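See structure below.
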Amino acid sequence: MKNKKILFAIFAALLIVLFSACNSNAEEEDEINPQEFSYDMLDLSFVADEIYSNLEISEFTLNSVSKITDETVLSERFYLDLDNVISFDIRSALGNYGAADVAIIRVKEGKASEVMESLENRKDDRIGEFRSYDVYDSYEIAMEAEIYEAGELVVMLMLSEDDKAKAKETIDYYLP
């Protein structure tokens, strides 16, 4: 009987030690370590989905947004040389429903300025498009579009001021 009590005490102590070790490992895994961040881990489509889920734009505009993946369109309308790009998520609204364009592009080292210039050309095209057809303040939105670098990313936000602020918060949230 005395041996059973000793064995039970040892078994209980082992369980407590094992449970504590497992619990502390689980807590460590939940913590995000910015030093472990890699741009390879960043899902640009997920970030873009998050941006669009928080926008306050007309339903017509939102429904007209499409993901741009065709290489010819990327080259001819966005002036992108895909040799400068690692990955991207580019979305654009049909002009007759307003402006709600977002481009998140991970660029190769040393190619950010070329990609930014490409997006500036796209911005200029959209300004010209909306100059004669200004629906939902799209001309002003295009004029005020921001193109900037964020780490390895080049970002274009052709959104209202409030929506740009929300989009930047979303992007910043996913970067270290």
Side-chain angles (χ1 to χ4, degrees), residues 32 34 37-108 111-176:
I32 296 172
F37 173 83
S38 164
Y39 280 91
D40 294 329
M41 299 167 35
L42 188 60
D43 183 345
L44 300 180
S45 292
F46 179 81
V47 175
D49 288 342
E50 288 291 304
I51 289 169
Y52 278 98
S53 72
N54 293 316
L55 296 183
E56 293 182 24
I57 59 176
S58 105
E59 188 175 327
F60 294 115
T61 305
L62 186 60
N63 289 335
S64 79
V65 172
S66 62
K67 193 177 217 179
I68 310 299
T69 58
D70 182 86
E71 290 184 21
T72 303
V73 173
L74 290 166
S75 174
E76 292 177 1
R77 291 191 191 156
F78 287 83
Y79 307 97
L80 276 178
D81 179 352
L82 293 179
D83 290 336
N84 296 334
V85 173
I86 296 171
S87 60
F88 64 90
D89 191 291
I90 298 174
R91 301 181 191 197
S92 183
L94 292 175
N96 48 339
Y97 293 105
D101 300 2
V102 173
I104 307 170
I105 304 169
R106 182 175 173 210
V107 297
K108 291 182 179 175
K111 299 298 182 180
S113 61
E114 292 176 39
V115 171
M116 290 178 78
E117 185 177 322
S118 298
L119 293 177
E120 287 289 346
N121 290 332
R122 173 62 178 168
K123 176 182 172 180
D124 291 342
D125 287 352
R126 292 295 261 179
I127 290 169
E129 178 182 347
F130 296 131
R131 183 175 286 127
S132 58
Y133 188 75
D134 185 12
V135 60
Y136 298 121
D137 298 322
S138 48
Y139 178 72
E140 181 180 338
I141 290 170
M143 289 288 293
E144 300 298 322
E146 285 188 46
I147 299 168
Y148 65 96
E149 277 186 78
E152 293 181 17
L153 304 178
V154 170
V155 177
M156 179 182 73
L157 300 173
M158 191 173 292
L159 304 166
S160 71
E161 290 302 315
D162 289 342
D163 285 336
K164 271 194 289 193
K166 291 177 196 172
K168 286 180 182 179
E169 285 178 20
T170 300
I171 292 166
D172 290 346
Y173 178 80
Y174 290 103
L175 296 179

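These figures come from a predicted structure and were not determined experimentally. Heads up: numbering here begins at 1 and tracks the sequence.
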Of Leu44, Val115, Ile86, Leu153, the residue whose pairing with Ile105 passes side chain to side chain contact (heavy atoms under 4.5 Å, CB included): Val115
Taking every non-hydrogen atom, the tightest pair across Tyr174 and Thr170: CD1-O, 3.1 Å
Flag if over 12 foreign heavy atoms under 6.0 Å of CG, Asp162: no
Worked verdict on Ile127 versus Tyr139 for side chain to side chain contact (heavy atoms under 4.5 Å, CB included): CA-CA 6 Å; Ile127 290 169; Tyr139 178 72; 3.7 Å; yes
Gap separating the CD atom of Glu161 from the NZ atom of Lys166, nearest 0.5 angstrom: 12.5 Å
Lys164 with Glu144: basic N within carboxylate O range, under 4.0 Å: no
Residue list, salt bridge (Lys or Arg N to Asp or Glu O under 4.0 Å) with Lys67, at least two apart or on another chain: Asp89
Spacing of Thr69 atom OG1 and Leu74 atom CG [to the nearest 0.5 Å]: 7.0 Å
Side chain to side chain contact (heavy atoms under 4.5 Å, CB included) between Asp101 and Arg126, worked out: CA-CA 10 Å; Asp101 300 2; Arg126 292 295 261 179; 2.9 Å; yes
Smallest separation among heavy atoms of Ala100 and Leu159, with atom names: CA-CD2, 3.8 Å
Check: Ile171 and Ile51 side chains under 4.5 Å, non-hydrogen atoms: yes
For Lys168 against Tyr148, the heavy-atom pair lying closest together: CG-OH, 3.6 Å
Test item: Asn84 side-chain N/O and Val107 main-chain N/O as donor-acceptor pair under 3.5 Å: no
Within 6.0 angstrom of Glu152 CD, more than 12 heavy atoms from elsewhere: yes
Criterion ring pair (Phe, Tyr, Trp, His ring centres under 6.0 Å) on Phe60 and Tyr136, from CA distance to verdict: CA-CA 10 Å; Phe60 294 115; Tyr136 298 121; 7.4 Å; no
Heavy-atom pair with the smallest gap, counting every atom of Val135 and Tyr97: CG1-C, 4.0 Å
Polar side-chain atom of Lys108 near backbone of Asp83 as donor-acceptor pair, under 3.5 Å: yes
Interatomic distance, Ser138 atom OG to Tyr133 atom OH [nearest 0.5 angstrom]: 8.5 Å
Donor on one side chain, acceptor on other, Ser92 and Arg77, under 3.5 Å: no
Side chain to side chain contact (heavy atoms under 4.5 Å, CB included) assessment of Arg91 paired with Ile104: CA-CA 9 Å; Arg91 301 181 191 197; Ile104 307 170; over 6 Å; no
Side-chain heavy atoms of Asp40 within contact of Arg106, under 4.5 Å: yes
Interatomic spacing from CG in Leu80 to OG in Ser75 - rounded to 0.5 Å: 8.0 Å
Nearest heavy-atom neighbours spanning Leu175 and Ala150: CD1-CB, 3.8 Å
Asp137 and Phe130: CA distance, side-chain angles, deciding distance, side chain to side chain contact (heavy atoms under 4.5 Å, CB included) verdict: CA-CA 9 Å; Asp137 298 322; Phe130 296 131; over 6 Å; no
Distance (rounded to the nearest 0.5 Å) between Ile90 CD1 and Ser66 OG: 11.5 Å
Heavy-atom donor-acceptor pair, Ser64 side chain to Thr61 backbone, under 3.5 Å: yes
Separation of Ile141 CD1 from Leu157 CG (nearest 0.5 Å): 12.0 Å
